[in-house]
Amino acid sequence: MSHELEIVEGKAQMAYAGDTPWHGLGVKVPADLSPDQMLSKAGLNWTVGKESIITSGGHSIPDKKALVRSSDNKVLDIVGKDWNPVQNEEAFGFFNDFVMSGDMEMHTAGSLKGGQIVWGLAKVKESFKVFGNDEVESYLLFTNPHRFGQSVDVRFTPIRVVCNNTLTLSLQQKSQNAVKLNHKKAFDADAVKDMLGVASFKLQQYKEMAEFLGSKQFNDKTFSEYLTSLFPSYSKAEGDTVSKPAQRILELVDTQPGAQYASGSWWSAFNAVTYFTDHERGRDADARLQSAWYGQSKNLKLKALETAIEYAEAV
């Protein structure tokens, strides 16, 4: 089986608190670890450095550097001479004040794409319940890419507890749910904290959105239109009007974990889509994780949220 999660010497570069994730890979740790301890347990306590690139003829390539990992001398990428690497220890230092003050606890940490993407996920000690007992918890996802063209990224990530559905919110200039910092300047954790404003206000916004979606009902026609807009059918077969993913979500809307909460509403419709993308779409579980946080599924879920709101507003 192919893994997006990095495997080094037979060990997954990941640590987790709580339930065993995905393939059961990684090291289970207590929920009270410091960011530095989580970093070490996940096998991420290595550094990266820029080294000159020399041709076989002994010539140095100007303006380009190899980004090399200290633990095994692996070349992670080719970067420009002005590109500033952010060390994993620096990145995880972002969480220190929050964890030490008791506002957060480290949840998972790991690396994807052969070490090119390092992440830390911390649980914010705030949550809300809607429709009786439908709980949503708040997390911050910090991504430190050792990859040219990608930025240090901090996102507000609400997770619906009953089904473990995730959403990494980034609405560009419309909000400050995400912060991005390029590698042209030195990393400044305090600046990120100031820009982000932490997650409580965003969690309140998400609660209001959930309550609104849960107050508006879909019908067969609007739900079918909604799914077709997200999963168009490319089949020419006679009578084949919806795609296979759409057909599956039609089943999930009444059978997904948490289907009893705001049944028949746009909240339920939206969560059927996120459940499908997080737990069923893709070749394997850690590929689904990578897609849900950084790839096609992340974009699809944002579109599903925005489209569900549009339909709910039209009711």
Side-chain angles (χ1 to χ4, degrees), residues 3-9 11-15 26-27 33-55 59-99 106-122 140-155 157 168 170 178-196 286 289-290 293-295 298:
H3 294 295
E4 299 288 342
L5 193 65
E6 187 180 19
I7 309 294
V8 177
E9 297 181 351
K11 296 181 180 180
Q13 301 301 282
M14 177 173 168
V27 178
L33 291 189
S34 71
D36 282 346
Q37 290 171 323
M38 179 67 84
L39 192 76
S40 178
K41 290 292 187 181
L44 303 176
N45 52 343
W46 38 263
T47 61
V48 293
K50 295 187 295 184
E51 297 185 11
S52 297
I53 303 173
I54 310 297
T55 69
H59 301 291
S60 177
I61 299 177
D63 301 327
K64 296 293 181 183
K65 298 287 184 180
L67 189 66
V68 181
R69 179 163 63 180
S70 64
S71 59
D72 56 3
N73 291 321
K74 179 179 180 179
V75 176
L76 298 179
D77 207 351
I78 305 300
V79 300
K81 65 177 183 178
D82 296 328
W83 197 90
N84 291 304
V86 177
Q87 304 301 341
N88 296 337
E89 185 178 8
E90 288 182 86
F92 276 64
F94 164 78
F95 292 118
N96 270 330
D97 290 346
F98 299 126
V99 171
M106 298 304 299
H107 188 264
T108 57
S111 65
L112 301 165
K113 299 289 186 182
Q116 288 188 322
I117 299 175
V118 169
W119 92 86
L121 184 70
L140 287 182
L141 173 65
F142 192 109
T143 305
N144 185 30
H146 301 296
R147 201 174 189 179
F148 184 75
Q150 295 193 356
S151 303
V152 172
D153 186 286
V154 188
R155 293 173 184 262
T157 304
T168 55
S170 176
V179 172
K180 285 181 177 287
L181 297 175
N182 65 37
H183 287 267
K184 295 292 185 180
K185 297 180 180 179
F187 177 69
D188 184 346
D190 289 333
V192 178
K193 295 173 190 176
D194 291 341
M195 293 166 64
L196 192 66
D286 57 327
L289 167 72
Q290 194 276 335
W293 282 357
Y294 306 111
K298 178 199 69 151

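Computed over heavy atoms, backbone and side chain alike; hydrogens, waters and symmetry mates excluded. All residue numbers refer to positions in the sequence shown, counting from 1.
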Legend entry - Heavy-atom closest contact (G115 atom, V118 atom, distance): O-CG2, 4.1 Å

Legend entry - Side-chain heavy-atom pair W119, T108 within 4.5 angstrom cut-off: yes

Inset, instruction - Could you tell me whether a side-chain N or O of K41 sits under 3.5 Å from a main-chain N or O of L33, the two making a donor and an acceptor? - result: no

Legend entry - Partners passing salt bridge (Lys or Arg N to Asp or Glu O under 4.0 Å) against K113 (at least two apart in sequence or in another chain): E4

Inset, instruction - Would you mind reporting whether F92 and N144 have side-chain heavy atoms less than 4.5 Å apart? - result: no

Legend entry - Given L67, V79, L76, the one that forms side chain to side chain contact (heavy atoms under 4.5 Å, CB included) with P85: L67

Inset, instruction - Identify the two heavy atoms, one from I78 and one from A66, that lie closest to each other, and give their separation to 0.1 Å. - result: CD1-CA, 4.1 Å

Inset, instruction - Search all heavy atoms of Q87 against all heavy atoms of W46 and return the closest pair with its distance. - result: OE1-O, 4.5 Å

Legend entry - Donor-acceptor contact present, side-chain D153 to main-chain T143, <3.5 Å: no

Legend entry - Minimum-distance pair of heavy atoms, taken over all atoms of K74 and G114: NZ-O, 2.8 Å

Inset, instruction - Would you mind reporting whether N88 and T47 have side-chain heavy atoms less than 4.5 Å apart? - result: no

Inset, instruction - Return yes when atom CD of Q37 has more than 12 non-hydrogen atoms of other residues, nucleotides or ligands closer than 6.0 Å, and no otherwise. - result: yes

Legend entry - Heavy-atom closest contact (G43 atom, Q13 atom, distance): O-OE1, 2.9 Å

Inset, instruction - Take the angle between the ring planes of F142 and F94 and call it parallel below 30°, perpendicular above 60°, tilted in between. - result: tilted

Legend entry - Closest non-hydrogen atom pair, H146 against W83: CA-CH2, 4.3 Å

Inset, instruction - Could you tell me whether the side chain of K81 and the main chain of P62 form a donor-acceptor pair under 3.5 Å? - result: no

